[in-house]
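Source: prediction; values computed, not measured.
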Amino acid sequence: MTTLHPALRLSDRIAELLTDPATAPAAWSSRPQWRQSLAHGAPGIALLHIERAATGRGPWEPVRSWLSVAVGAPVTSGADSYLYYGAPALAHALTCAAQARPGAYQRALDRLDQVLAADALRRCEQAEARIERGDLPTLAEFDTIRGLAGIGSILLRRAPGVEPIRRVLTCLVRLTEDVKYNGEVRPGWWTLDGPSGARDERFPGGHANSGLAHGIAGPLALLALALRRGVEVDGQREAIRAVLAWLERWRDGHAWPYWTTATHLAGPERRPLASQRPSWCYGTAGIARAQQLAALGLGDPSLRNEAEGALAAALVDPHALAATTDLSACHGYAGLAHIAQRAAADASPRNAGRLRSAAALLLDATHSPHADPDNQARRLLETAGPAFLEGAAGTALALLAPATGNTPATRWDTCMLTS
């Protein structure tokens with residue numbers, strides 16, 4: 001009998017506890033709008049069961065149950081929707097389900113494709129008008145969670161050769177062009193928002209966000225993934241190089257600052273970065289994976305080696321890992337293990353070995369040596385909730401690939417722009 005890795009037993013037990021929406025912990029339903037939230041609600045929990053069903057680890061019935069919750073009331077579209085909420089979130093979940101069961105959900109997906117295309121074009125028109133006015137962007141214009149990079153991820157998967165994705169890519173290319181703010185040159189993604197997306201008095205002159213969730217690494221990853229798929233618009237390669245040059249300017253060893261402010265730009269010299277977690281949302285894991293994708297798209301072996309080396313080093317850095325305090329897909333050990341496994345599949349042989357070793361160590365960090373998976377799963381559901389992005393469902397999902405040595409069957413992680 002094959003002994004399951006403890007991390008895989010934990011993943012299985014979380015899924016079992018989230019089989020039935022009626023008996024799952026109530027946190028996911030504490031806010032009615034979370035019904036259609038990929039980050040917090042039914043579509044994200046469905047992703048776990050979709051991947052399990054696709055790989056033969058679980059039944060299909062929980063998929064139907066959670067998707068039924070997601071479509072149990074009108075689905076939000078238009079200005080109030082984005083990749084992690086509303087129609088795009090549902091489209092992502094259904095696309096993963098349809099990959100596991102070809103032909104399934106086609107009527108619903110056909111309708112959602114029309115909604116997504118119209119919304120993408122509207123967003124592009126607004127971004128183009130903003131650029132023509134000379135205004136600075138908001139994070140929600142371009143980032144992965146709420147912006148064009150996230151919308152582009154589902155368009156690239158569902159309709160890679162049509163106008164909406166090309167318009168999105170063109171907008172993101174223009175985003176990388178330098179602008180002037182108060183007479184000073186800034187990168188085109190400089191925003192007056194704080195990192196939360198709202199105005200923040202700690203950032204009086206704005207900032208340039210580096211992260212994959214809310215910063216320029218999201219557009220970088222989408223531009224790179226599109227290039228790998230053969231979808232290219234004018235200036236795309238130059239835009240990728242411009243972002244890479246900015247990130248290289250601010251790199252400190254195998255880490256990048258979460259953001260750069262006007263104070264940083266005005267300072268006489270860069271200060272060494274304090275230890276910080278190497279997470280997907282902010283930090284080396286997300287940024288280095290975006291760089292690796294860029295290197296693969298550009299066919300740049302030197303850049304690829306640098307990105308893979310930075311990621312491998314960060315994932316075993318004791319100071320960085322000491323700042324990692326949970327298991328989540330967003331910024332915890334499970335998410336780091338998943339990215340290590342994803343990157344290893346695309347890495348050079350030497351770096352692939354380093355990344356797989358890092359993934360194994362990260363998996364070991366997700367459980368105590370003698371912990372009971374049932375108790376750990378229940379405790380995780382109590383403390384972190386059942387959600388995808390920061391909760392138990394995402395933890396269970398992120399553990400699957402590294403614990404089994406496989407890549408995701410449904411490409412569920414396209415919503416994180418890691419594939």
Next item on the list: Using modelled atom types only, decide if a donor and an acceptor are shared between the side chain of Asp413 and the backbone of Met416 within a distance under 3.5 Å.
Entry: no
Next item on the list: Keeping the roles fixed (side chain from Gln376, backbone from Thr366), state whether a donor-acceptor pair exists under 3.5 Å.
Entry: yes
Check: Looking at side-chain heavy atoms only, is the closest gap between Thr55 and Thr404 below 4.5 Å?
Finding: no
Next item on the list: Measure the spacing between CZ of Arg277 and CG of Leu336 and express it to the nearest 0.5 Å.
Entry: 10.0 Å
Checklist line | Donor-acceptor pair between Thr95 and His92 side chains, under 3.5 angstrom | finding: no
Next item on the list: Dump the intermediate steps for side-chain contact (heavy atoms from CB on, under 4.5 Å) on Leu212 and Ile287, then the final yes or no.
Entry: CA-CA 6 Å; Leu212 187 50; Ile287 295 171; 5.8 Å; no
Check: Looking only at heavy atoms, what is the nearest atom pair of Ile14 and Ala392, with distance?
Finding: CG2-O, 3.5 Å
Item checked: Salt-bridge criterion met for Asp374 and Arg378 (N-O under 4.0 Å) -> yes
Check: When the ring planes of Trp34 and His40 are compared, do they come out parallel, tilted or perpendicular, using 30° and 60° as the limits?
Finding: parallel
Margin query: Are more than 12 heavy atoms, taken from residues, nucleotides or ligands other than Asp234, located less than 6.0 Å from that residue's CG atom?
Written below: no
Check: Does some side-chain heavy atom of Ile151 sit less than 4.5 Å from a side-chain heavy atom of Leu155?
Finding: yes
Next item on the list: Go through the steps to decide whether Ile154 and Leu112 satisfy the test side-chain contact (heavy atoms from CB on, under 4.5 Å), and finish with yes or no.
Entry: CA-CA 11 Å; Ile154 186 68; Leu112 286 167; over 6 Å; no
Margin query: With no hydrogens and no angle check, just 3.5 Å: does a side-chain donor-acceptor pair link Asp80 and Tyr85?
Written below: no
Check: Is the Trp66 ring parallel, tilted or perpendicular to the His49 ring (thresholds 30°, 60°)?
Finding: parallel
Checklist line | Asp317 vs Thr284, side-chain contact (heavy atoms from CB on, under 4.5 Å): CA-CA, chis, key distance, verdict | finding: CA-CA 11 Å; Asp317 181 338; Thr284 296; over 6 Å; no
Next item on the list: Look up atom OG1 in Thr144 and atom CH2 in Trp280, then write down how far apart they are to the nearest 0.5 Å.
Entry: 6.0 Å
Item checked: Residues Arg237, Asp300: salt bridge by 4.0 Å N-O rule -> no
Next item on the list: Provide the closest heavy-atom pair for Ala54 versus Ala100 in the form atom of the first, atom of the second, distance.
Entry: CB-CB, 3.6 Å
Notebook entry, point to check: In terms of side-chain heavy atoms, does Arg289 have a donor or acceptor partner in Gln292 at a distance below 3.5 Å?
Noted result: yes
Margin query: If we ignore hydrogens and angles and just use 3.5 Å, is the side chain of Arg411 paired with the main-chain N or O of Ser419 as donor and acceptor?
Written below: no
Margin query: One thing to verify: whether Arg122 and Asp119 come together as a salt bridge, which I'm taking to mean a side-chain N less than 4.0 angstrom from a carboxylate O.
Written below: yes
Check: Is Glu238 paired with Arg241 through a side-chain N to carboxylate O contact shorter than 4.0 Å?
Finding: no
Next item on the list: Please name the pair of heavy atoms, one in Asn209 and one in Trp259, separated by the smallest distance, quoted to 0.1 Å.
Entry: CA-CB, 4.1 Å
Note to self: In the structure I gave you, are the side-chain heavy atoms of Leu247 and Leu220 within less than 4.5 Å of one another anywhere?
What the structure shows: yes
Note to self: Between Gln99 and Arg157, do the side chains contain a donor N or O and an acceptor N or O under 3.5 Å apart?
What the structure shows: yes
Checklist line | Set of salt bridge (Lys or Arg N to Asp or Glu O under 4.0 Å) partners for Glu308, sequence neighbours left out | finding: Arg304
Margin query: Show the nearest heavy-atom pair for residues Gly235 and Val173, with the distance to one decimal.
Written below: O-CG1, 3.7 Å
Note to self: For the backbone of Ala15 and the side chain of Thr19, can you confirm whether one donor and one acceptor N or O come within less than 3.5 Å of each other?
What the structure shows: yes
Check: So Ile131 and Glu177, side-chain contact (heavy atoms from CB on, under 4.5 Å) or not? Walk me through it.
Finding: CA-CA 10 Å; Ile131 292 171; Glu177 298 170 356; 5.7 Å; no
Check: Can we say Asp135 and Arg130 salt-bridge, meaning some charged N sits less than 4.0 Å from an Asp/Glu carboxylate O?
Finding: no
Checklist line | Expected output: side-chain Trp190 to main-chain Gly205 donor-acceptor under 3.5 Å | finding: yes
Item checked: Arg107, CZ atom: more than 12 neighbouring heavy atoms under 6.0 Å -> no
Check: Can you check whether Glu232's main-chain N or O pairs, donor with acceptor, with Arg166's side chain at less than 3.5 Å?
Finding: yes
Notebook entry, point to check: Hey, does Thr383 have a side-chain heavy atom less than 4.5 Å from the side chain of Asp326?
Noted result: no
Please report, to 0.1 Å, the donor-acceptor pairs under 3.5 Å made by any side chain of residues 70-79, with sequence neighbours excluded.
| unit_1 | atom_1 | unit_2 | atom_2 | d |
| --- | --- | --- | --- | --- |
| Thr76 | OG1 | Gln36 | OE1 | 3.4 |
| Thr76 | OG1 | Gln36 | NE2 | 3.1 |

Note to self: Using only atom types and a distance under 3.5 Å, with no angle test, would you say the side chain of Ser210 pairs donor to acceptor with the backbone of Pro257?
What the structure shows: yes
Item checked: Sub-4.5 Å side-chain heavy-atom contact between Leu169 and Ile165 -> yes
Next item on the list: Indicate yes or no: at least one non-hydrogen side-chain atom of Arg354 is less than 4.5 angstrom from one of Leu315.
Entry: no
Next item on the list: Determine, step by step, whether His207 and His264 satisfy the ring-ring contact (aromatic ring centres under 6.0 Å, His included) criterion, reporting the C-alpha distance in whole Å, the side-chain angles of both residues, the deciding distance to 0.1 Å, and the verdict.
Entry: CA-CA 9 Å; His207 81 291; His264 294 132; over 10 Å; no
Notebook entry, point to check: Can Gln106 and Asp110 be counted as having a side-chain donor-acceptor contact under 3.5 angstrom?
Noted result: yes
Note to self: Between the side chains of Glu128 and Arg167, is the shortest nitrogen-to-carboxylate-oxygen separation below 4.0 Å, so that they form an ion pair?
What the structure shows: yes
Item checked: Basic-acidic side-chain contact under 4.0 Å: Arg64, Glu61 -> yes
Margin query: Is it the case that the side chain of Gln236 and the backbone of Val231 share a donor-acceptor pair, with hydrogens and angles ignored and the cut-off at 3.5 Å?
Written below: yes
Checklist line | Validation row: Asp193, His214 side chains within 4.5 angstrom (heavy atoms) | finding: no
Note to self: Testing the 3.5 Å rule here: is there a donor-acceptor pair between the side chains of Ser328 and Glu390?
What the structure shows: no
Next item on the list: Please report the closest heavy-atom contact between Pro43 and Ala93, naming both atoms and the distance.
Entry: O-CB, 4.1 Å
Item checked: Check: Leu136 and Arg186 side chains under 4.5 Å, non-hydrogen atoms -> no
Margin query: On a heavy-atom basis, which atom in Thr324 and which in His331 lie closest, and how many Å separate them?
Written below: CG2-O, 3.7 Å
